[in-house]
Amino acid sequence: MLKIHFSGEDILRTRVAPAADPVWEVVLSLHLLPGRSRDPLLAGWRREVSRGLRRQVDAEALRLLSTLSPPRGYFPDFLTPYESVRGFEAGMEALRRTPVALLQRDLTLLANSNRNLPAGVAAIARGEPEALTHLTETMGRYRELALGPYWTRVQGAVEADRARRARAMLDGGVEGLLTTLRPGLRWESGVLEIPAYPRSRELHLEGRGLLLVPSFFCANTPVALLDPELPPVLVYPVDKLGGLTADAVGAGDTGREALAALLGRTRAAVLAASDDGCTTGELARRLHISAAAASQHTTVLRNAGLLVSHRDRNTVLHTLTPLGRAVLNP
């Protein structure tokens, strides 16, 4: 179990990351890639990405990256620098600047759990600029193949989760937000507990607050950095909202047909009203239409890839995808 201890100051400084974190998604998707799960949400993605990597990425470089991001157990903190909250390039620049002492510490921990490390790990441990550049270039290439075609769906799922947490914060403050992280997390008396965490740990935030990072590729158990001296981060899973099938991602024939169905004032008003997140009932009241009509319009918008919908008990919250926001605000 992981226990994260909050002071009053920590509660004030706790926040949700502003968008899907591309570096965390790279690393966590690598954890899921070799799995043999029958989960239909990832099966098509895993098959297509594995095929593309075999054709387009050097096998030795991919082996090194996969070794640094094993499907189970420890992986180095330096792979996911805090600066990635500002985007992929900022994260890669921070990774290339990692102090040698931290590289050696993290890779020693990795070696303790995996004695069969590729030769390239030694050069990274020494902080050789060429080795670190090669690593970040491989991560960038992997990102293009494994995340690029699916990024709209990843962003949409994260945006839907952020809207849900924002409403929880408006209603109950940060403590209300932390309470919504059930069932995988439990908030009680100033302590956030993750019962299924693989090792027993206690993390005292000591006034630094906590950055909550919603992640598409995070598995069932949230992830925290091992080093308690690093800025505190907790990555937690979001609903996948239908998974990563090819049809759900691209702008194929189905998507174009659905977009053509958007013509009309009411549907445009539904799109605009969903800008900050809106339930079906709220849409009906704001636009003076029936709940059935509101549900029909959101279905068309969702099929076009402009909305995502998240059910929370008896309500369904609709939020814009990045594509939907671009259509609304060209």
Side-chain angles (χ1 to χ4, degrees), residues 1-6 10 14-35 37 39 41-42 65-86 88 91-92 94-95 98 102 105-107 109-110 112-114 139 142-143 146-147 154-155 157-158 161-162 165 177-178 180-187 191-205 208-240:
M1 175 184 291
L2 173 63
K3 293 185 178 181
I4 304 177
H5 296 265
F6 290 71
D10 291 316
T14 292
R15 64 249 184 244
V16 179
D21 187 307
V23 178
W24 272 106
E25 297 294 358
V26 162
V27 173
L28 294 176
S29 68
L30 279 161
H31 295 178
L32 298 178
L33 189 62
S37 169
D39 183 354
L41 298 181
L42 293 176
L65 185 57
S66 299
T67 301
L68 293 175
S69 304
R72 290 178 298 278
Y74 172 78
F75 64 94
D77 285 346
F78 74 79
L79 285 179
T80 53
Y82 189 83
E83 289 82 355
S84 66
V85 73
R86 299 198 302 270
F88 186 78
M92 293 299 93
L95 193 160
T98 305
L102 296 185
R105 181 203 62 185
D106 286 2
L107 293 173
L109 289 171
L110 182 65
N112 290 338
S113 59
N114 183 356
M139 292 177 71
Y142 172 86
R143 178 194 177 208
L147 301 186
V154 171
Q155 287 179 305
V158 169
D161 186 86
R162 278 175 42 81
R165 307 306 169 189
L177 180 157
L178 295 172
T180 67
L181 296 173
R182 294 178 184 271
L185 297 90
R186 182 169 60 235
W187 169 256
V191 179
L192 187 63
E193 298 179 347
I194 298 97
Y197 207 74
R199 63 177 64 183
S200 295
R201 289 180 53 200
E202 300 209 10
L203 174 61
H204 294 265
L205 298 179
R208 295 173 295 174
L210 181 67
L211 177 65
L212 294 164
V213 180
S215 168
F216 188 97
F217 285 101
C218 182
N220 295 328
T221 304
V223 180
L225 299 173
L226 182 63
D227 187 351
E229 300 302 318
L230 292 172
V233 171
L234 184 69
V235 184
Y236 66 91
V238 302
D239 289 345
K240 291 183 173 57

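The side-chain contact (heavy atoms from CB on, under 4.5 Å) test applied to Thr14 returns Phe6, Val174, Leu210, Leu212, not counting sequence neighbours. Considering only residues two or more places apart in sequence or on other chains, Thr80 meets the side chain to side chain donor-acceptor pair (under 3.5 Å) condition with none of them. Every residue two or more places apart in sequence or in another chain that forms a side chain to side chain donor-acceptor pair (under 3.5 Å) with Asp10 is listed here: Ser7. Partners of His204 by side chain to side chain donor-acceptor pair (under 3.5 Å), not counting sequence neighbours: none found. Evaluation of the side-chain contact (heavy atoms from CB on, under 4.5 Å) rule for Ser69 yields Val27, Leu30, His31, Leu79 as partners, not counting sequence neighbours. For Arg165, the salt bridge (Lys or Arg N to Asp or Glu O under 4.0 Å) partners two or more places apart in sequence, or in a different chain, are Asp161. With sequence neighbours excluded, no residue satisfies ring pair (Phe, Tyr, Trp, His ring centres under 6.0 Å) with Tyr142.
The stretch residues 214-226 participates, sequence neighbours left out, in these side-chain hydrogen bond (donor to acceptor under 3.5 Å, both in side chains) pairs: Glu25-Ser215. Judged as a salt bridge (charged side-chain N to carboxylate O under 4.0 Å, His left out), the pairs with a partner in residues 208-233 (not counting sequence neighbours) are, in order, Arg105-Asp227.
Interatomic distance, Leu68 CG to Tyr74 OH, rounded to the nearest 0.5 Å: 10.0 Å. One finds the CG atom of Leu147 at 10.0 Å from the CZ atom of Phe216 (value rounded to the nearest 0.5 Å). Atom CG of residue Leu107 and atom CG of residue Leu102 lie 10.5 Å apart, to the nearest 0.5 angstrom. For the atom pair CG of Asp77 and CG of Leu230, the computed distance is 5.5 Å after rounding to the nearest 0.5 Å.
Across Val158 and Ala20, no two heavy atoms sit closer than the pair CG1-N, 3.6 Å. Across all their heavy atoms, Ala219 and Leu32 have their closest contact at CB-CD2, 4.4 Å. Across all non-hydrogen atoms, the minimal contact from Arg162 to Ala17 is NH1-O, 2.6 Å. Nearest heavy atoms, Val23 versus Pro81: CG1-CD, 4.4 Å. Between Asp106 and Pro76, the shortest heavy-atom contact is CB-CB, 3.8 Å. When every heavy atom of Val16 is checked against every heavy atom of Pro214, the shortest pair comes out as CG1-CD, 3.9 Å.
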Which pairs would a plain distance check flag for residues 192-201, meaning a side-chain donor or acceptor within less than 3.5 Å of a matching protein atom at least two apart in sequence or in another chain?
from, atom 1, to, atom 2, distance (Å)
Glu193, OE1, Arg186, NE, 3.1
Glu193, OE1, Arg186, NH2, 2.6
Tyr197, OH, Ala224, N, 3.4
Tyr197, OH, Ala224, O, 3.4
Arg201, NH1, Leu225, O, 3.1
Arg201, NH2, Leu225, O, 3.1
Arg201, NH2, Leu226, O, 3.4

### Task
Please test Leu234 against Leu185 for side chain to side chain contact (heavy atoms under 4.5 Å, CB included), starting from the C-alpha separation and ending with a verdict.
CA-CA 11 Å; Leu234 184 69; Leu185 297 90; 3.4 Å; yes
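Side-chain atoms of Leu203 and His5, non-hydrogen and from C-beta on, never get closer than 4.5 Å to each other. Residues Leu110 and Phe75 are not in side-chain contact: their nearest non-hydrogen atoms beyond the backbone lie 4.5 Å or more apart.
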